Amino acid sequence: MKKVWLTSLSSSNETVTKLISHLKTYGLEANGHFWEDNLEELAWIKARDRLIDSSIIFWAILASDENLNTPTIRYGLSLLTIAVQAQRELSFPIFIIQTEGEDLSPDTLTTVLKGVDVLSASDTSLGAKLVAKTHAPPKEISPEYRLNIHGNAHIGQWFEVGPYNLPWSGAIFGVNCGEITFHAVGPKGSLPKDSVLNYPMKGMRLILDEKEYVAWSVQNEVDFQTSYFVKVKGFPKSVIFGSYSTEKEAELSFIELQ
């Protein structure tokens, strides 16, 4: 049987058991976990290692519209999605299986989840649709940047950003709410043990869509093999990042997290 991972945002054992049984009839072996809404302890990261296992063919998120409108859940789910997509790529299939509420539009979700398929838990053909979508050709997505997240309750949360193709002549990262407390540049994929920063700057204030961001930056070149790492305290509603520029206007990427 093919393996899938199920994340339940509600605590209904009955709903989960019914779904697992339904998926089994379609040759899908579901394992998973109940969501722990505890941002202070970075509880969302516990499922990361299971989800990046190459034997998992898709990730299904069982949720109501109320779950998906809870800011703390939206934030934790966004960060887990970022961590998974960094390893499994953007084409890794993610489904939201809606348990109750009005039909959910992906446009109401946070940035990294806008491309997911939303299905109904009450749909009798749910299993068949999941199998069909899983066997469909992967979506062709051309990333413009690299984005990852690292951390645990002891070291806190660290964002990792970098270019996908063309190198950056420096890097900048800003948060709307939350606070940047440290930054570094080093080899991509893991937090650097030490770092030499060129012309670091802190506390820059930027405005995007009438929202204020407090940003830090460096002028180290960041290429495909290196990344800019930023430690963030708190839970920003959104972040911006990209290549550092001395011009008044710069092209930055925007990620909504809540």
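The structure displayed is predicted, hence computed values, not measured ones.
- Hydrophobic clustering of Ile, Leu, Val, Met, Phe, Trp and Tyr side chains at less than 4.5 Å, counting indirect connections, keeps Trp5 apart from Leu28.
- Side-chain contact annotation: Ser122 with Ser120, donor-acceptor N/O pair under 3.5 Å present.
- Using a 30° and 60° split on the angle between ring planes, Tyr75 and Phe235 fall in the perpendicular class, above 60°.
- At distances below 3.5 Å, at least one donor-acceptor pair connects side-chain atoms of Arg88 with backbone N or O atoms of Ile56.
- No more than 12 heavy atoms of other residues, nucleotides or ligands shown are found within 6.0 angstrom of CD on Glu144.
- Between Val218 and Tyr228 there is a side-chain heavy-atom pair separated by less than 4.5 Å.
- In this structure, the side chain of Lys231 does not engage the main chain of Thr181 through any donor-acceptor pair within 3.5 Å.
- Checked by atom type, the side-chain pair Ser238/Tyr213 shows a donor-acceptor distance below 3.5 Å.
- With hydrogens and angles disregarded, a donor-acceptor distance shorter than 3.5 Å links the side chain of Ser12 to the backbone of Thr15.
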task: Apply side-chain hydrogen bond (donor to acceptor under 3.5 Å, both in side chains) to Thr99 and Ser64, showing your working.
output: CA-CA 5 Å; Thr99 57; Ser64 67; 4.7 Å; no
task: Could you walk me through whether Trp59 and Thr7 pass side-chain hydrogen bond (donor to acceptor under 3.5 Å, both in side chains), step by step?
output: CA-CA 8 Å; Trp59 177 22; Thr7 294; 2.9 Å; yes
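- The environment of Tyr164 atom OH is sparse: at most 12 non-hydrogen atoms of other residues, nucleotides or ligands sit within 6.0 angstrom.
- Annotation for Lys114: atom NZ counts as buried by contact number, over 12 foreign heavy atoms lying within 6.0 Å.
- At least one donor-acceptor pair under 3.5 Å links the side chain of Asn69 to the backbone N or O of Asp65.
- The number of heavy atoms from other shown groups lying within 6.0 Å of CG (Leu166) does not exceed 12.
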